[in-house]
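Below is one structure; the comments refer to it alone.
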Protein chains: 2
Amino acid sequence: MIDDDLVFKALADRTRRQLLDRLFDRDGRTLTELESEFAMTRFGVMRHLRVLEEANLIVTRRLGRKKLHFLNPIPIRLIHDRWIDKYRARRAKALAELKRELEEEAR
Amino acid sequence: MIDDDLVFKALADRTRRQLLDRLFDRDGRTLTELESEFAMTRFGVMRHLRVLEEANLIVTRRLGRKKLHFLNPIPIRLIHDRWIDKYRARRAKALAELKRELEEEAR
DNA sequence: ATGATATGTGACTAAATCATCACCTGTCAA
DNA sequence: TTGACAGGTGATGATTTAGTCACATATCAT
């Protein structure tokens, strides 16, 4: 079950978005591995991971004393579908790509 | 310019998401029109609209003493692109559709 | 077995956020 | 021109949230 409020509240924090970035880059990381990349205590990172898990943005699997974290793309897709219909999708995609190109050019 | 933090903070509030829903349903509404659909004071709704506008999730156009509000799909598209690559997009889309079908069936 | 490793919990403080209020400015229609 | 309408501002109180801490449990390697 996907709860709107949990998903969006989870995404509202910068640290949690960065955690998703890390997992997008490579899945299956442990808490300790993730924690080492942040200037925050382990407890802070753990709390954030828990919020992400409760929002179903990540799923976990235990492996011995380790806990592996994986990105779940479904809630993100649902956000997209909520406010972008088929017509808009094409236009939004084209504009987003244009935006990226312009920003690359500006460097 | 699109600021991550503004976008996600804007989306974190349920009222603001409902405002986007209204505009997704039909663009070009005025403040007064939107306000009448919420159990909140006009000031509250106005404040939320302002947050959405600052996050670039809506764009506005003045027409006399009226201010028309339009949905901007680009930030939503960028959220999608941030955590869903081409491979995942197909899978996430299929799963999201499956999820919707199952929920319809459950009725 | 035992020390090191990996993850987990409840309580506390500081900071951010929501909703409301009284009051203000600009535009329209007759 | 005048009254009604549409939108706008800054300050305030109540609620929520982020980050930290001391302390706890479970698993591994030797």
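Lettering of chains follows the sequences in order, A, B, ..., and the numbering in each one begins at 1. Just so it is clear, the values below take in all heavy atoms, side chains as well, and ignore hydrogens, waters and symmetry mates.
- Between A/L49 atom CG and D/dG19 atom C1' the separation is 14 Å, expressed in whole Å.
- Remark: nothing in residues 6-21 of chain A comes within less than 4.0 Å of DNA chain C through any heavy atom.
- For B/K67 and D/dG8, the shortest distance from a side-chain N or O to OP1 or OP2 is below 4.0 Å.
- With sequence neighbours excluded, the residues satisfying salt bridge (Lys or Arg N to Asp or Glu O under 4.0 Å) with B/R82 are A/D21, B/D4.
- The side-chain hydrogen bond (donor to acceptor under 3.5 Å, both in side chains) check on A/E37 picks up A/R22, A/R29, with sequence neighbours excluded.
- Salt bridge annotation for A/E104-A/R100: absent, with no cationic side-chain nitrogen under 4.0 angstrom from a carboxylate oxygen.
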Letter per nucleotide, 5' to 3', of nucleotides 25-30 of chain D [B base touched, S only sugar-phosphate touched, - untouched; heavy atoms, 4.0 Å]: --BS--
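- Rounded to an integer number of Å, the gap from A/E54 CD to D/dA18 P is 12 Å.
- Membership of the apolar cluster around A/L63 extends to A/V59, A/L68, A/F70, as traced through chained side-chain contacts below 4.5 Å between ILVMFWY residues.
- Sequence neighbours left out, the pairs with a member in residues 62-73 of chain B that pass side chain to side chain donor-acceptor pair (under 3.5 Å) are B/E53-B/K67.
- The hydrophobic cluster of B/Y87 has no other members, since no ILVMFWY side-chain heavy atom comes under 4.5 Å of it.
- Checked for salt-bridge contact, A/R77 and B/E97 miss the test: no charged N lies under 4.0 Å from a carboxylate O.
- By the rule that hydrophobic residues join a cluster once side-chain heavy atoms approach within less than 4.5 Å of another member, B/L31 and B/L20 end up as members of one cluster.
- The salt bridge (Lys or Arg N to Asp or Glu O under 4.0 Å) test applied to A/D13 returns no partner, not counting sequence neighbours.
- Within the structure, every side-chain polar atom (N or O) of A/R50 is placed at least 4.0 Å from both OP1 and OP2 of D/dG19.
- Near-neighbour residues of DNA chain C inside residues 33-46 of chain A, defined by a heavy atom below 4.0 Å, number-ordered: A/R42, A/F43, A/M46.
- For DNA chain C, the outermost nucleotides in 5' to 3' order that have an atom under 4.0 Å from a heavy atom of chain A are C/dA4 to C/dT9.
- Following rounding to the nearest Å, B/K66 (NZ) and D/dA4 (P) show an atom-to-atom distance of 19 Å.
- Within the helix from C/dA1-D/dT30 to C/dA30-D/dT1, the inter-axis angle between the opening and closing five-pair segments is 40°, rounded to 10°.
- For A/A10, the side chain to side chain contact (heavy atoms under 4.5 Å, CB included) partners are A/R16, A/V51, A/L52, A/A55, A/L57, not counting sequence neighbours.
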